[in-house]
Colleague: 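This is the structure, below, for whatever I ask next.
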Amino acid sequence: MLSKAKTQWAMHQLYKLIPDAQGALVADSPFQLLIAVMLSAQATDVSVNKVTPQLFADFPTPASFANAEIANIEADIHSIGLYHNKAKHIKTCCQQLMADFGGEVPRTHAELEQLAGVGRKTANVVLGDAFNVPSFAVDTHVTRIAKRLKISAQDASVIQIEKDFQAKLTKKTWVQAHHTLILFGRQVCTARKPHCDECPLLRICQAGQQFLEDRG
Ligand code: SF4
């Protein structure tokens with residue numbers, strides 16, 4: 001497994017490669033970010049950003065979603081994957097915000113994860129990006145990179161990967177590390193044909209060395 005020191009070294013290389021990585025979802029408030037992250041499951045950030053301006057114009061508050069017909073929410077998000085379920089979850093989630101949280105987005109894991117359609121990853125992204133609460137969200141890119149670099153075991157669960165990064169990185173870097181790893185996964189350490197020959201981590205990455213050897 002990659003040590004704490006080497007994991008921190010690797011992240012420093014990635015910060016140099018991809019400075020100031022940030023989330024790509026456009027949102028003006030914690031509430032808008034929560035809805036945007038819910039929509040982004042199995043959808044690209046670009047596709048979410050295309051629908052949210054009209055969605056938030058039609059439904060500017062948790063109360064407006066809570067009182068909406070599901071079909072009207074669906075009409076604004078039908079280009080997004082799983083839109084039937086997402087519309088249902090958004091309405092229920094906003095009813096919960098109104099009933100249990102005074103119309104505000106809560107600021108703890110436990111409270112966020114009570115909301116319909118909100119899992120650990122969504123809670124982590126909202127806590128980190130909306131409230132500056134140190135948190136580390138694990139998605140498909142982070143999972144792939146963690147296993148290729150042996151930051152986590154090959155059979156590690158999402159929760160274990162989150163714990164591994166939290167143990168190996170300082171708390172104040174968790175949010176930045178998450179965004180940097182996602183862009184690194186999109187641009188360099190891609191699922192298919194990763195760009196190992198251009199990767200600053202090649203010398204500590206057995207998976208990358210193996211990819212290059214296999215390609216000849
Ligand atoms: Fe990913 Fe290749 Fe870099 Fe390893 S060397 S981290 S597999 S891009």
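Atom set for the values below is all heavy atoms of this structure, side chains included, hydrogens, waters and symmetry mates excluded. Just so we're clear, the structure is a prediction, and the values are computed from it rather than from any experiment. For ligands, and for the atoms within them, numbers begin at 1 and follow the listed sequence.
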Colleague: What atoms in ligand 1 come closer than 4.0 Å to a heavy atom of C199?
Modeller: 3 (Fe), 5 (S), 6 (S), 8 (S)
Colleague: State, without any angle test, whether E162 and N124 hold a side-chain donor-acceptor pair at a distance under 3.5 Å.
Modeller: yes
Colleague: Can you name the atoms of ligand 1, numbered from 1 with element, that are less than 4.0 Å from a heavy atom of C205?
Modeller: 4 (Fe), 5 (S), 6 (S), 7 (S)
Colleague: Which class fits the ring pair F56 and F31: parallel under 30°, tilted 30 to 60°, perpendicular over 60°?
Modeller: tilted
Colleague: For K88, is there an ion pair with E74 - N to carboxylate O distance below 4.0 angstrom?
Modeller: no
Colleague: Less than 4.0 angstrom from a charged side-chain N to a carboxylate O is my criterion; do R186 and D45 meet it?
Modeller: yes
Colleague: By number and element, which atoms of ligand 1 are closer than 4.0 Å to a non-hydrogen atom of R148?
Modeller: 7 (S)
Colleague: Can you figure out which of G208, A207, P194, C196 has its heavy atom closest to atom 2 (Fe) of ligand 1?
Modeller: C196
Colleague: Can a donor-acceptor pair be found between the side chains of S29 and Q32 at a distance below 3.5 Å?
Modeller: no
Colleague: Decide, counting backbone as well as side-chain atoms, whether C189 has an N, O or S atom less than 2.8 Å from atom 1 (Fe) of ligand 1.
Modeller: yes
